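Please read these numbers as outputs of a predicted model, since none were measured by experiment.
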Amino acid sequence: MSGIIKYNRFTDNGSLSREKEDLTYTLFEKLDFINELPKISFFRSDFRGSRFVNVSFYENNFDRADFISAIFEKCLFTEVDIAASEIKNCYFNECNFTLNNYENTSIQECTFENCTFEDEKFLVNMKNCKFINCTMRNCDFERSTTEKLEFNGCEIYNTDLATMHAENFIFKSCVLENVSLGKSYIFGYLFYKTDISRLDVLYRGNTVKMNVDNFSEYIVSLLTQQRFSEFINANIFLFRNFEGVPDQINNALSELSKINNTTRKLEMTNLFDMFTFYILNNQLPYKLVSKVLNILDDFDWTAFPFEEQLVYISMHKKIEMIMNTFHYDDSFIESAAGETLFVTFRCKTDDYQEALKLTSDLLDDLHLKLGLDKNYKLIQKEKGSWILTFAVVGVVALMMPKMLNDYSKTFFDFSLKRKKLKILGVLLDNIRIDPENIPKSLEQFNLILDTSEKSGLTNPTFDNIIVTEAFKEIVNQIDIGA
């Protein structure tokens, strides 16, 4: 059975009414409705699965039409009556929207890429949509309802995002000029590489600038309202106060276990989404990430009903998976310079000297390549197929999986859970790097990491790293943890 969609081709039959028509899986290509007088009406027509390429719509009527899983490429929408149509799971690429009419339009699960919106007055119910490399100018969302919108690489000018219901927005690498946001929602927003200093924040008709002095009292009030995720988010992105976050997380988990299920589930989801975002974008230092993950590890999730446990534990595991695939950059590695991590080599040999030499030689070479003095200690050895655990400076431990590109990602087991090592009669001195021994700029790290901003994950080639065939044969797993 072929998986290729077979489209019907739309043809203009001369009728000005194509209303209530089955136009599912139809190809609209190279059509220009600008000079059609009067305009064709597509009222209540069904466009499920249809594809639109190089189509210029002008004053057409799409009221109550259904667009489900449709694709739009290089299309123009000008003064179109989009009205109360249903637009779900659609993809728009290189489309321009100008002066269209929206009347509680439902727009769900859609992606807009390389699109332009000018002079649009949206009245929409929009949720779970992405805008990638889009431009908005002179737009208004008054009285709209929006939730979980992501703006990635977008430029937004002279646009009011304040006078509507607007929850859980994400702005990544965006330009925001003369943009208004609502005070009631802004601390539920996540920002990355986006200047917020010139934002106008509206609250009950008044405009205030985005700074600490204007919001300190309001942020404190979020706690009394049990809006824990917003309170913690404000401390991270506005105050840059990382020290208090672990205690705030502990308090949030304790208080949330006592409140109504529905309220709790939303708040818990927001908390996890926030930390996932910041960890994915390398916005938190190693020490904070380690503490938060240990708090989540130690928390008794059975305090919640089973249905909720499934949600929270899966989101917890998602964060662990991000760390276990080494989705961190040089700034995160550098933030662990003064920390100690444990590296455990699991060796398929009963020859202790061979296992020790292979693992020590590798650690020596890693220190050499990083320009650091040798600074590690064997703290535990388990007999049999030898398991050797070393205390290693954080920079070396975190660099290890990125430098040893001869191995698949699954070869490493990376966890920031505290290890309960059975060390008898051994006093372990805390191993720290002399700050003078850390590269003074990121230039050396960039060389080592061969940093790629697009992927956020690098696998540099080090032909001269000592990873012998004997090492590959004998060391079958490396565990890294706190």
Polar contact flag, side-chain donor to acceptor under 3.5 angstrom, T163-D160:
yes

Show your working on ring pair (Phe, Tyr, Trp, His ring centres under 6.0 Å) between F299 and Y312 and close with a plain yes or no.
CA-CA 11 Å; F299 188 76; Y312 307 148; 8.9 Å; no

Hydrogens and angles aside, do N35 and Y58 bring a side-chain donor and acceptor to less than 3.5 Å of each other?
no

Pairing residues for D140 by the side chain to side chain donor-acceptor pair (under 3.5 Å) criterion, not counting sequence neighbours:
none

Distance alone, cut at 3.5 Å: any donor-acceptor contact between the side chains of N114 and E94?
no

Show your reasoning for whether side chain to side chain donor-acceptor pair (under 3.5 Å) applies to H316 and D297.
CA-CA 9 Å; H316 178 198; D297 288 333; 3.1 Å; yes

Pairs satisfying ring pair (Phe, Tyr, Trp, His ring centres under 6.0 Å), at least one member in residues 4-23, at least two apart:
F10-F28

Please tell me whether Q248 and N250 have a donor and an acceptor in their side chains that are separated by less than 3.5 angstrom.
no

Kindly assign one of parallel, tilted or perpendicular to the pair F47 and F62, based on the angle between their ring planes and the thresholds 30° and 60°.
perpendicular

So, N89 and S69: side-chain donor and acceptor under 3.5 Å apart, yes or no?
yes

Can you tell me if NZ on K265 sees more than 12 non-hydrogen neighbours from other groups inside 6.0 Å?
no

Answer with yes or no whether the side chains of N100 and E120 bring together a donor and an acceptor at under 3.5 Å.
yes

Flag this pair as yes if the NZ/CZ of K183 is under 6.0 angstrom from the six-membered ring centre of Y218 and inside a 45 degree cone about the axis; otherwise no.
yes

With no hydrogens and no angle check, just 3.5 Å: does a side-chain donor-acceptor pair link E86 and S106?
yes

Does E113 have any salt bridge (Lys or Arg N to Asp or Glu O under 4.0 Å) partners at least two apart in sequence or in another chain, and if so, which?
none

